[in-house]
J.: 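Please find one structure pasted underneath; my questions will follow.
Throughout, numbering of the chain's residues begins at 1 and tracks the sequence. Computed over heavy atoms, backbone and side chain alike; hydrogens, waters and symmetry mates excluded. Keep in mind that this is a model prediction, so the values were computed, not measured.
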Amino acid sequence: VLWYVVEMILRMRRLYKEAAKAGGTFVGHFIGDGWNLSDLLSLLLSIISIIYFLTLAAWSFRKGYTFSMDDNSRDKYRIPNNDEKTFNLPKSVTAARYLQDDWYIFLQFERLQDWYHTFLA
């Protein structure tokens, strides 16, 4: 993809110089060839797909969560501190905290599923 981005930039530079010599506009020269638009659209979609894939690969919840039925505190997923403050979660000693931990985990699964669905689409 990087090669095609460089190739597109060089092609756009050449068309800009040709348009300046001919006295026309760059946009008119660029749109004049339909392949330029299709190549540009294809490159943009490829770059967006790569960004979505890298976001999915770097998602901290995906790396840190492991399914476990044990109530062992060592294996249990810990909600990051900034998310505890964002969602205003109660202290970990209260009974409602277990339910809210589950809600948080489900929310993260939903977010991950949304990104994955968009990546596949």
Side-chain angles (χ1 to χ4, degrees):
V1 171
L2 186 61
W3 168 257
Y4 292 113
V5 169
V6 171
E7 182 184 22
M8 177 61 76
I9 291 171
L10 292 174
R11 186 183 323 156
M12 290 173 83
R13 192 172 137 200
R14 181 179 47 84
L15 285 172
Y16 181 77
K17 288 179 181 178
E18 288 176 7
K21 286 180 184 177
T25 63
F26 166 72
V27 176
H29 273 49
F30 188 77
I31 294 177
D33 186 7
W35 291 111
N36 288 334
L37 291 176
S38 69
D39 287 348
L40 183 63
L41 180 64
S42 175
L43 278 175
L44 289 175
L45 291 175
S46 297
I47 291 170
I48 290 170
S49 295
I50 290 170
I51 290 171
Y52 269 93
F53 175 75
L54 292 176
T55 302
L56 281 171
W59 200 295
S60 62
F61 176 76
R62 192 188 63 78
K63 290 179 184 177
Y65 181 78
T66 55
F67 181 77
S68 175
M69 293 297 288
D70 294 333
D71 201 18
N72 188 354
S73 62
R74 183 176 54 97
D75 295 334
K76 189 174 179 177
Y77 178 75
R78 298 198 187 278
I79 298 174
N81 289 335
N82 58 351
D83 284 344
E84 284 182 7
K85 293 174 186 172
T86 302
F87 294 111
N88 198 17
L89 297 176
K91 303 272 185 204
S92 59
V93 293
T94 60
R97 177 61 187 255
Y98 291 109
L99 182 61
Q100 291 187 353
D101 282 349
D102 290 341
W103 288 346
Y104 176 82
I105 290 171
F106 290 142
L107 175 69
Q108 293 302 314
F109 278 131
E110 288 174 4
R111 287 180 176 173
L112 193 60
Q113 185 268 338
D114 287 343
W115 274 87
Y116 187 66
H117 176 71
T118 305
F119 170 70
L120 290 179

J.: Is it the case that atom CZ in R14 sees more than 12 heavy atoms from other parts of the structure closer than 6.0 Å?
T.: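 Yes - once you tally the heavy atoms of other residues, nucleotides and ligands closer than 6.0 Å, there are more than 12.
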J.: Holding to side chain to side chain donor-acceptor pair (under 3.5 Å), I want the full list of residues that pass it with E7, two or more places apart in sequence or in another chain.
T.: none
J.: What distance separates D83 CG from F61 CZ, expressed to the nearest 0.5 Å?
T.: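 Result: 10.5 Å between the selected atoms.
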J.: Only pairs under 3.5 Å count here: list side-chain donor-acceptor contacts from residues 34-60, not counting sequence neighbours, and write none if there are none.
T.:
unit_1, atom_1, unit_2, atom_2, d
N36, OD1, R11, NH1, 2.9
N36, ND2, F30, O, 3.2
S38, OG, W35, O, 3.0
D39, OD2, R11, NH1, 3.0
D39, OD2, R11, NH2, 3.3
S46, OG, S42, O, 3.0
S49, OG, L45, O, 3.0
T55, OG1, I51, O, 2.8

J.: Among all residues two or more places apart in sequence or in another chain, which pass the side chain to side chain donor-acceptor pair (under 3.5 Å) test with D33?
T.: none
J.: For residues F26 and M12, determine if any side-chain heavy atom of one lies less than 4.5 Å from a side-chain heavy atom of the other.
T.: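 Answer yes - side chains close enough.
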J.: Any idea which heavy atoms bring F109 and Y65 closest together, and the distance?
T.: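 It is CZ-CE2, 3.5 Å.
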J.: Could you pull out all donor-acceptor pairs under 3.5 Å where a side-chain atom in residues 113-121 meets a protein atom, sequence neighbours excluded?
T.:
unit_1, atom_1, unit_2, atom_2, d
T118, OG1, D114, O, 2.9

J.: Got a sec, which pairs hit side-chain hydrogen bond (donor to acceptor under 3.5 Å, both in side chains) with one end in residues 21-30, sequence neighbours left out?
T.: none
J.: How about Y4: does its OH atom have over 12 heavy atoms from other parts shown lying under 6.0 Å from it?
T.: no
J.: Please tell me whether M8 and V6 are part of a single hydrophobic cluster in this structure, the criterion being side-chain heavy atoms less than 4.5 Å apart.
T.: no
J.: Find the distance between CG (L89) and CG (N81) and round it off to the nearest 0.5 Å.
T.: 10.5 Å
J.: Among all residues two or more places apart in sequence or in another chain, which pass the side chain to side chain donor-acceptor pair (under 3.5 Å) test with R97?
T.: E84, D101
J.: Apply salt bridge (Lys or Arg N to Asp or Glu O under 4.0 Å) to R111 and list each qualifying residue two or more places apart in sequence or on a separate chain.
T.: none
J.: State plainly whether one hydrophobic cluster holds both L10 and L15, where clusters connect Ile, Leu, Val, Met, Phe, Trp and Tyr through side-chain heavy atoms under 4.5 angstrom apart.
T.: no
J.: Partners of Y104 by ring pair (Phe, Tyr, Trp, His ring centres under 6.0 Å), sequence neighbours excluded?
T.: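 Residues passing ring pair (Phe, Tyr, Trp, His ring centres under 6.0 Å) with Y104: F87.
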